[in-house]
Each structure stands twice: as structure tokens, then as C-alpha cells.
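The structure under discussion appears below in the form of C-alpha cells.
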Amino acid sequence: MRINRIIQYPFIFGIFFLSFINCFQYGVSQDFTISGSVEDISSGERLIGANVYVKANGRGSVSNAYGYYSHSVSAGAIVIKCSYIGYKSIEVKLLLENDTIINFNLRPTIDLEEVTIAASQSRSSVLSTQLSMNELSAKTIQKLPVFMGEKDVLKTLQLLPGVQSGNEGTSGFYVRGGGPDQNLILLDGVPVYNVNHLFGFFSVFNPDAIQNVKLVKGGFPARYGGRLSSVLDIRLKEGNNKKFAARGSIGLISSKLTIEGPISKGKTSFIVSGRRTYIDVLAQPLIKILAADEDVRGSTGGYYFYDLSAKINHRFSDRSRLYLSTYLGKDKANIHIREHDGDATFREDFGLVWGNATTALRWNYILSPKLFCNSTLTYSDYNFLTEMGLTETVCDTTVEGTSFSYNSGIRDLTSRIDFDLNPHQNHAMKFGLNYIFHTFSPGVTVYQMVESPALPTIETSFGGENIFAGESALYIEDECKIGSRVKLNLGLHGSAFSVDESVYFSLQPRVSGMFLINENWSVKGAYSQMAQHIHLLTNSTIG
């Protein structure tokens with residue numbers, strides 16, 4: 001292992017050195033920068049992953065998670081083309097003599113004529129160095145197949161190669177042999193630790209609030225870290241800044257409502273999307289029938305879940321924008337069984353509650369046409385509670401009883417800053433750092449016992465001490481072009497995890513490359529080393 005690392009790291013640093021030599025070699029030519037944003041003309045939503053390139057040579061860039069792009073181009077007469085799936089492409093002709101800002105407003109395509117379906121391949125996938133990545137846009141998400149009347153992103157992802165579902169009907173997923181806890185799931189950049197509703201039949205992600213979904217199954221870029229198997233990056237919609245809109249639906253087990261619109265037209269917009277099940281309401285007639293027997297009168301039960309996503313963003317100027325997004329979700333199930341035997345009543349109670357709460361505050365700022373900066377503060381809270389009890393009462397007096405509760409959770413506070421730098425038309429760099437303060441509640445167990453009214457209640461609790469840990473990381477990656485056929489993505493991710501006065505360091509090189517054989521064929525390869533500091537421990541006896 002040590003010999004491998006002795007060879008491995010100098011090799012990676014050597015490739016980095018050669019790429020920078022390549023940068024300076026080409027840097028003597030006169031280059032200017034074309035930058036700007038890509039938006040939906042009807043709603044003002046920023047479009048993620050739009051292609052902006054010079055039509056003559058196909059060189060360009062892709063809009064980032066905030067719809068911003070930047071690309072260095074040699075001076076002269078050029079034609080810039082912007083394209084995005086489901087939208088009409090735009091071409092702009094110009095004589096490039098200085099740095100230029102071009103904001104693209106794309107119009108959705110509406111085809112009412114006869115449609116011919118033919119196999120096709122995106123040229124961007126041929127030219128990209130990224131392997132094993134699948135991306136779903138907002139339009140694609142709306143066409144997802146439904147399960148019990150509910151669209152679910154994770155159900156669709158389970159149909160992809162290399163992705164497998166867990167138990168029958170569950171929304172958890174396994175990627176190429178990894179466990180569910182080895183998937184990094186990000187909602188607007190905030191980790192979500194439990195993505196299950198309805199005991200795993202649905203995920204916590206409301207499709208009406210989602211703008212873009214990206215699943216990376218291998219060849220991980222250096223900007224991602226902390227998990228071994230995959231990265232699922234989900235971005236919420238920003239809200240229509242042109243006009244107010246509302247949509248909703250009534251399904252078999254839940255209803256949804258989404259409202260969006262401008263607060264200050266063209267500057268500030270919002271979106272609020274909520275969903276709630278009514279299984280608890282629909283089950284009441286059945287529960288009453290089952291509890292009609294005199295021996296079990298008073299028995300009740302129910303289950304419901306809800307989730308709420310909200311986002312607001314404000315544009316200070318073309319260079320500065322602020323975002324605030326939040327997610328709240330909870331599942332609650334309970335069963336209360338009453339059995340009567342003369343004056344005695346035996347009561348069995350069971351309750352299960354879990355939920356997530358996340359908040360993210362972001363500030364985008366364009367420092368220069370070549371340099372984009374994103375600063376983020378996030379908060380994440382996951383909690384899980386199990387309660388069980390057995391009580392015997394006689395004439396409304398408790399004569400014997402036991403109860404058990406188990407409460408666990410994790411809270412994160414995160415700060416991070418990320419940069420996108422485009423120093424030259426042959427280079428696109430990303431670098432940044434982040435710090436996460438973890439608070440683990442590994443499990444508070446409370447046990448109570450009442451033996452008789454004359455004796456005091458026995459109560460025992462243990463496992464109540466929180467554990468604090470810090471996780472920091474920094475990264476740098478460079479996507480460079482060498483000639484007309486070779487493209488490399490070189491990256492290095494470093495992390496440190498500190499807990500109980502111990503620090504664990506990890507240096508993780510990432511390399512991926514593409515060789516273009518012809519217009520429709522390319523060969524790709526990748527190497528990535530990942531480290532995971534947090535793992536999930538499960539106990540099957542309490543779910």
C-alpha cells in the first residue's frame with residue numbers, strides 16, 4: 001500500500017505540472033472571455049448544464065449549478081451557440097475584441113407536429129471527461145413514471161445501470177455494491193441523511209420543487225467527497241420571477257401544492273412546495289371497524305408524512321445574487337391497542353417518528369469574467385424516535401407498566417466557499433474548501449417500569465452524551481484540453497476528520513480522461529480514491 005502511494009502521488013502531481021505547463025504554453029495567444037448566465041425566458045429560472053460553445057471548433061463550457069458560464073476564446077469573428085435539452089438553441093455572431101457578457105434566454109420548444117422517435121446521442125457526452133453520470137432536467141422529471149400516482153426521482157434512478165434497489169418497494173438505492181450510507185445525497189448542497197417516506201416506498205424529494213438531478217456513479221470530480229459509492233446532487237427550483245403560478249394535484253395517498261412568483265419582478269422570486277399524505281384519514285373507517293369489538297374498544301392508529309420545500313432568491317446585480325432555501329419533512333406512525341378484561345385494561349402503544357430539516361444560505365458573486373465565487377452556510381438536522389409501552393390499569397389506576405424510548409440524530413453546521421476559474425480556453429478550474437461541525441446523538445435510551453402504585457417508578461436512561469466532530473476538506477480540479485482530441489480532468493481532494501482528540505487525514509487523487517476517436521466515438525478512463533468518515537449503524541429490532 002505504501003509503495004503504491006509513493007508511486008501514485010508523484011504521478012498525479014506530475015500530471016498537474018504538465019497541465020499548467022500546457023496552460024502557459026497556450027497563454028501567449030490573445031484570448032478574451034465570454035461569460036454570462038443561461039435562463040428560461042418564460043420563468044427566469046437559471047438552467048443548469050446548458051452547453052455554450054464556439055460553433056466552429058465545438059470548444060466551450062457548461063453552465064454551472066447557478067446557470068453561470070465562462071469561456072476564454074481567441075480574438076476574431078466567432079459564432080457562439082447555446083443549447084439545452086427541451087429548449088430552442090440560440091446562435092450569436094460577434095467580432096470578439098474584448099471581454100464580453102452574453103446572457104442567453106432560451107425558449108422551451110413546443111412541437112405539435114408528428115413526432116419521429118430515433119436513437120440519438122448527445123455530443124456533450126462524447127466530449128466530456130465525466131464517466132458514469134446521469135442527469136435529469138426539470139422537464140424530464142415531470143415525465144417520470146409514477147408509483148401509486150406519485151412521481152419519485154429515486155424510483156427512476158433505480159432503473160439506471162449500476163443502481164439497484166434494496167428491499168422490494170423501498171426507495172433506498174445501492175450503487176455498484178455499496179451500501180445506502182455510502183451515497184452522498186445533497187439537496188441544494190446540504191447532505192440529507194434519511195431520504196425515505198412511508199417506510200421506504202417514497203423519497204423525501206417532491207418532484208414539483210426540483211429543477212435538476214445529477215447522479216455520479218464513478219470517476220468522481222475532486223469537488224465531491226465524504227462518500228464511497230455515489231453522489232446524488234439535487235437542486236431546487238428558484239421560482240418564477242416573471243409571473244405568479246400555482247399548480248397542485250390530488251393523488252391516491254397524498255396531495256401537493258406549489259406556488260411561485262416574483263416578489264420584485266425581475267429581481268426577487270420565491271417558490272413554496274408542500275405535500276402531505278392522508279393515509280391517516282383514509283384509514284380511520286377501517287380502524288373503527290376493527291375497533292368495534294367490545295374487547296378492543298378505544299384502539300387507534302395512523303400514519304402520515306409531510307414535506308415542505310421553500311426557496312427565495314434576490315438579484316442585487318448581474319454580478320451578485322443571494323439564495324435562501326429550506327426543507328422540512330417528517331414521518332409519524334403510531335398504534336394504540338386497548339384490550340379489556342373486566343375492570344382491567346391492557347394498553348400497548350407504539351410510535352415511530354423521523355424527519356429532516358435543512359437550510360442553506362448562498363451568495364454568488366462574479367469577481368471577474370474569469371472567476372465565479374459561491375459562498376454557502378448550511379444547517380442540517382436529522383432525528384429518529386422510537387417509543388414502545390405496555391400498561392395495565394384497573395379502574396383507571398396503573399398497576400403495572402413498562403415503556404421504552406430510543407432517540408437518535410445528527411446535526412451539521414457547514415460553511416464552504418467554491419470558485420470557478422477559466423484562465424484559458426484550454427483550462428477550466430474549480431477549487432474551494434469547506435468545514436462541517438457534526439453533533440452526533442448516537443442514541444438516548446429511556447426505560448421506565450411501574451410495578452405497583454405503592455412503589456416508586458423506576459427510570460433508567462443511558463447513552464445521552466453527544467459526540468462532537470469536525471470535518472474539513474479542500475480541493476482543486478482542472479479540466480484541460482491537450483490538442484484537439486485529448487481532454488483531462490485532474491483533481492486532488494484532501495480531508496481531515498477530528499473526533500475525541502484524534503485527527504484522520506486523507507489525500508484523494510482524482511483523474512479522468514477522454515480521447516476523441518472521431519465525431520461520434522471517444523474512449524474514457526478514470527481513477528478516483530475516496531474516503532468516508534461517517535458510517536450508518538442499524539439495529540433491525542427497532543427499525
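In this text the structure is predicted, and so the values were computed from the model without any measurement.
For Asp307 and His197, the side-chain atoms include at least one donor-acceptor pair closer than 3.5 Å. A donor and an acceptor atom, one from each side chain of Asn489 and Ser512, are nowhere located under 3.5 Å apart. Counting only N and O atoms by type, the side chains of Ser495 and Glu471 include no donor and acceptor under 3.5 Å apart. For the residue pair His71 / Ser61, no side-chain donor-acceptor distance below 3.5 Å is found, with atom types taken as modelled.
Sequence neighbours left out, not one pair with a member in residues 231-258 passes ring pair (Phe, Tyr, Trp, His ring centres under 6.0 Å).
In this structure, the side chain of Arg510 engages the main chain of Pro221 through a donor-acceptor pair within 3.5 Å. With hydrogens and angles disregarded, a donor-acceptor distance shorter than 3.5 Å links the side chain of Ser269 to the backbone of Glu238. At least one donor-acceptor pair under 3.5 Å links the side chain of Gln532 to the backbone N or O of Leu228. Side-chain N or O atoms of Asp152 include one that pairs as donor or acceptor with a backbone N or O of Ser203 at under 3.5 Å.
Taking the centre and axis of the six-membered ring of Tyr365, the NZ or CZ atom of Arg321 falls outside the cone set by 45° and 6.0 Å.
By the ring-ring contact (aromatic ring centres under 6.0 Å, His included) test, Phe270 pairs with no residue at all, sequence neighbours left out. Here Ser72 pairs with Lys370 under the side chain to side chain donor-acceptor pair (under 3.5 Å) rule; sequence neighbours left out.
Using a 4.5 Å heavy-atom cutoff, the side chains of Tyr327 and Thr359 are not in contact.
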